Amino acid sequence: MGVENPAEEAQILLRTRLCNPNYIFTILSDSPDSNYSKLKYIMSSSVTEACNNSALLLGPRGCGKVAILEMVIKDLLQEYPDMICVIKLNGLLHSEDNCALKEIARQLCIENQLVFSKMASFDDNSQFVISMLRECGLAHKTIIFVVDEFDLFTQGKQRLLYSLLDAMQSVTSQAVVVGVSCRLDADQLLEKRVRSRFSHRKLLFLPPSQEDLQRILQHCLLLPTESSLPPQYVAAYNKKFLNMLSDDKFKDIVESLCDSDSTFNHLLRFLFVAVCEMDPKSGFLSLDNFKTALSSIQRQPKLEALQDCSILELYILVCLRRLEVKEQETTNFNSVMKEYKSVHDSFQTADYYERNVCLRAFEHLFQRELISLVDNRGHSQSVEFRPVRLLISSHELHQGLKSYRSCPAILHKVLAV
Amino acid sequence: MGDEGNAQTPRRTTRASLSSTPNPSNSTGKLNLCNQQPLTIDDLAYGDESISFDDLISSLPGRRAQIIELLRILGPLDSPMFPVFVYGGASTGKTSSILQIFKHLKRPFVYCSCVTCYSPRILFESVLNQLLLHRRNESNRYLSVKRCEKPSDFVNLLQEALRNVVDSLKGNVVKSSSKKSMGRARGEMVYLVFDNLELVREWDKGSNILSFMFKLYDILKMPEVGLIFLSNASPDTYYLDTGYVEPVPVYFPDYTEDELRQILMKNQENPKLYSSFLEVVLRPFCRVTRRVDELSTAFSPLYQIYYEPLDDLGIVPSGDVKRELFSHLQPHIGPSLNDTFRVENRLSSEASAKTNKWKGIAKKMGVSESSDEIDFHMSACAKYLLICAFLASKNPATLDASLFDSTGGFSNGKRKRKSSEKSKEKKETAEQDLLLKGPGTFPLERLLAIFQCIVSVSECLPDDEAQGNGGLEGESWTNGLLSHVLLELSSLCNANFISKGGSCPLEGANRYRSMVSEAMALEVARSLKFPLPKYLYRGG
């Protein structure tokens, strides 16, 4: 299908790779002290030795916690078929006890070809789960509970965590609980009765190091030699790409990317945009692609919003800023209008509009989130009287005015005074 | 979006209007919804002919760069993608661009706007209905295909539905490879488009739903699904406590003056004439607002004035004619710049409908309308109540006794003026206070007391007309039908002329506040021939 256009096929291949976390993280799994090896050791030993275990995977968002866990589970499922049953929970979805238990029961039913009843009560479900744990233990089948967004389960009474971990204290059961959280203090959030039942294994996931980064870049973006792509094209592409990798300008780009956020996810998103920018005619990644990707990933929404403002809206912002400088305790639309009038009187500006037009501009500023109400009290008051505040700094305002295409010179003067 | 904006930019199409119009075979069954054919998988994409790339670009002037960027991110057929976050101000063509792009690509997608789907349940069910090709109609009693309230249920159902859709799309591809037919959905990807995402922030438990939506891609783990979020608010305004995996941002800036000209020139009968019109008006208006919807509503009456002197609308205006037309238009530009909306005078038969509308506006704008005479109907009792509320909000409660003594406040005016001369500073701070705090609140008893005073005063006014008009009725209110007055008050509250605040923690009774501007109150007073300025306390 893609023979007529190797560039498009290459692009699809690269995009598929970038969107597939399993592919990305295989490269980091080979060394013995990687998180992958450690986690696999913990889990496979509890499968083979038929014991209970629990672990926490901690680290910032986008560092591949879930991806590595999935890879380990996939490997285990291959190595020990019919000995493992995986139950997945997510704090965003199942942080409520009742809902979580229902979900566990549902997944157990699917796994064991049983009929799941939606009407089952909390008590029924918890009885069912405990008896299933016992049955699986007797059959030497390990149940792996994957608890994503672990910290969200610690809100409330932690009944679910308690009952899971408590059930694991018995000899008959055989289960592994793996919690995943972006809060490094997740284990401190546990109640005492829960914490004492938790085996304190923690794995820390960190953003990639420089060497890892280089390996990932090559791993993701080099085209494979054995594929349906024409070999000449692949050779030319790879040569060009490796040349670029050693280019200092390219290194600068990657560095400035990592300065703001050095997690895997951020990097992958950046690479994704770069691949999207790839010229379909030539089919080669160029330095410009990465440059545009960097600028489209690192945006400055407040400055963009300032560029969108009309001149009247800028006037209002400047007036608000002037009131801020005067250190008035509260500012609202009426005081802004007073300031606007005094600015008009002293500078004789060309842009003086009626109150209702200004009010509309004021509401536009709310929509652009350049200003906001100070509090949510006093709903009965109309908007003119409610106190507002500026959501941008004076520096941003200055910068915004400077880069505004046709900003009246008088506005700079008004702001400076 | 304003009506005018819709007429010029491509129509925002929802699935409902989509399924009923474009399919020619359905055109007979359009009226009778029950006769519609069952939906097929191909109905997830636009049914009619796909538009070419050039048409796509020309249909949305000024959005070339954004469309190309989006097309690149969507990528070639069957290529997976990261979630995309499209943001930009109101009426910058976000929704239109996305929908037109899908018309061009003809790939299957699901569109949900958080405006119409105003709660999680409706949003979830709407997505599922579309994916499961379910049409709500009389035979299924307008029920959704699945009942689903919680995100956990939604994920399970969504995964199942998506898998089915993707499977049948794959089957589709195999079939269509032999025989290329029009009207078929292309590719194996399904795209979910969520519009107006910024509204979710205000929902009950909105932050939970938002973090769920942003994590949806990771939760689903299906590379065949593309997620597109459209939002008015920029990504930095989504404050979530634990953070989320950010989608790829795509920014739609507001239109520039040139782009606005291109948009407004679309579908004009006499482009030459209109462009000479725009030369005159566009620049000053752009300094106030650059939103297409607001500009086009402002321009349509102006344009009528502009071509008024012309007999033949088809002419190409020469230099002289242009100058003439300009001088004709010029006096209208200034007032129109200072107008946000115009209420046209209508016949009295429409009066009731109009007051409704007017009240709606009053609700939103806090009444900043300045018309020459009040053009809505209101009973005299309600008018008096309105004035009383205004007075009660404006005047300090301690002055009531001296203002409303038997002489009707005539002498008080002088005394006040004297005291105001005493301390100018005090007056200034009081004014400042008034600007910041707005109208004060008052208990019901005070309102009724002022009301009684005013009604009795207007009865003994020497002015005959007031006697004849307000006075007679006034007598009937003073004769003790308090319930009538309270009823009027509650209807004023409903119309938001008077707002009812929370109860005071000490006194326990509800407190009221007048929402009417001074100009409006004076207007009402004038219609009653009531000397309102005499009773107004002017600082000091």
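Owing to the predicted nature of the structure, the values given are computational and were not obtained by experimental measurement. Below, chains carry the letters A, B, ... as their sequence lines are ordered, and counting in each starts from 1.
For the pair B/R287 (side chain) and A/I311 (backbone), a donor-acceptor distance under 3.5 Å is absent. Between the B/S79 side chain and the A/I12 main chain, no donor and acceptor come within less than 3.5 Å of each other.
Heavy atoms of B/F154 lying under 4.5 Å from chain A are absent altogether. Neither the backbone nor the side chain of A/P280 comes within contact range of chain B, judged by heavy atoms closer than 4.5 Å. If you measure heavy-atom distances from A/V275 to chain B, you find no contacts under 4.5 Å at all. If you measure heavy-atom distances from B/V155 to chain A, the contacts under 4.5 Å come from the side chain alone. B/E198 does not touch chain A: none of its heavy atoms, backbone or side chain, sits under 4.5 Å away. Looking at A/A305, the atoms closer than 4.5 Å to chain B (heavy atoms on both sides) all sit in the backbone: N, CA, C or O. In this structure, no portion of B/P223 lies under 4.5 Å from any heavy atom of chain A. Contact of B/N156 with chain A is made through the side chain alone, with heavy-atom distances under 4.5 Å. Heavy atoms closer than 4.5 Å to chain A are found in the backbone of B/L77, but not in its side chain. Both the backbone and the side chain of A/R15 come within less than 4.5 Å of a heavy atom in chain B. Using a 4.5 Å cut-off between heavy atoms, B/L71 does not touch chain A at all. No part of B/T441 comes within reach of chain A, as not one of its non-hydrogen atoms sits under 4.5 angstrom from that chain. Neither the backbone nor the side chain of A/C358 comes within contact range of chain B; no heavy atom of the residue lies under 4.5 Å from a heavy atom of that chain.
For the atom pair CG of B/D153 and NZ of A/K118, the computed distance is 7.0 Å after rounding to the nearest 0.5 Å. A distance of 6.5 Å separates CG in B/D218 from CG in A/N265, rounded to the nearest 0.5 Å. The CG atom of B/D236 sits 4.5 Å away from the NZ atom of A/K302 when rounded to the nearest 0.5 Å. Taken from CD in A/E304 to OH in B/Y87, the straight-line distance is 3.5 Å, to the nearest 0.5 Å.
Considering only heavy atoms from C-beta on, B/R290 stays 4.5 Å or farther from A/E313 through its side chain. At a threshold of 4.5 Å between non-hydrogen side-chain atoms, the residues B/F82 and A/L268 count as touching. Side chains of A/R61 and B/K215 form a contact here, defined as non-hydrogen atoms less than 4.5 Å apart. Residues B/V288 and A/R360 are in side-chain contact: their nearest non-hydrogen atoms beyond the backbone lie under 4.5 Å apart. B/M81 has its side chain within reach of A/F272: a pair of non-hydrogen atoms, C-beta onward, lies under 4.5 Å apart. Side-chain atoms of A/C19 and B/Y217, non-hydrogen and from C-beta on, do get closer than 4.5 Å to each other. Looking at B/D254 and A/R368, their side chains come closer than 4.5 Å, going by heavy atoms from C-beta outward. Put simply, the side chain of A/V273 does not reach to within 4.5 Å of the side chain of B/I73, judged on heavy atoms.
Between the side chains of A/Q11 and B/R72, no donor-acceptor pair of N or O atoms lies under 3.5 Å. Using modelled atom types, one finds a donor on one side chain and an acceptor on the other under 3.5 Å when comparing B/Y251 with A/D308.
With a 6.0 Å radius and a threshold of 12 heavy atoms from other residues, nucleotides or ligands, A/K281 has its NZ atom at or below the threshold. For CD of A/Q300, the number of neighbouring non-hydrogen atoms (other residues, nucleotides, ligands) closer than 6.0 Å is 12 at most. A/K88 NZ: 12 or fewer foreign heavy atoms inside a 6.0 Å radius.
Ranking B/K150, B/K221, B/E294 against chain A, the residue ahead of the rest is B/E294, based on heavy-atom pairs under 4.5 Å. Note: B/T289 leads B/I219, B/T289, B/I68 in heavy-atom pairs under 4.5 Å with chain A. Ranked by heavy-atom pairs shorter than 4.5 Å toward chain B, the options A/E8, A/Q307, A/H364 are led by A/H364. In terms of heavy-atom pairs under 4.5 angstrom with chain A, the leader among B/G75, B/S234, B/P80 is B/P80. In terms of non-hydrogen atom pairs under 4.5 Å with chain A, the most contact-rich of B/G89, B/P76, B/C286, B/A233 is B/P76.
Contact between A/S296 and B/P249 at its shortest, heavy atoms only, is O-CG, 3.4 Å.
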Does the side chain to side chain contact (heavy atoms under 4.5 Å, CB included) test come out yes or no for B/N232 and A/E369, once each step is laid out? CA-CA 10 Å; B/N232 273 341; A/E369 312 231 2; over 6 Å; no

Should A/E363 and B/R291 be marked as a salt bridge (charged side-chain N to carboxylate O under 4.0 Å, His left out) after you check the CA-CA gap, both sets of side-chain angles, and the distance that decides it? CA-CA 13 Å; A/E363 281 174 351; B/R291 278 172 58 167; over 6 Å; no

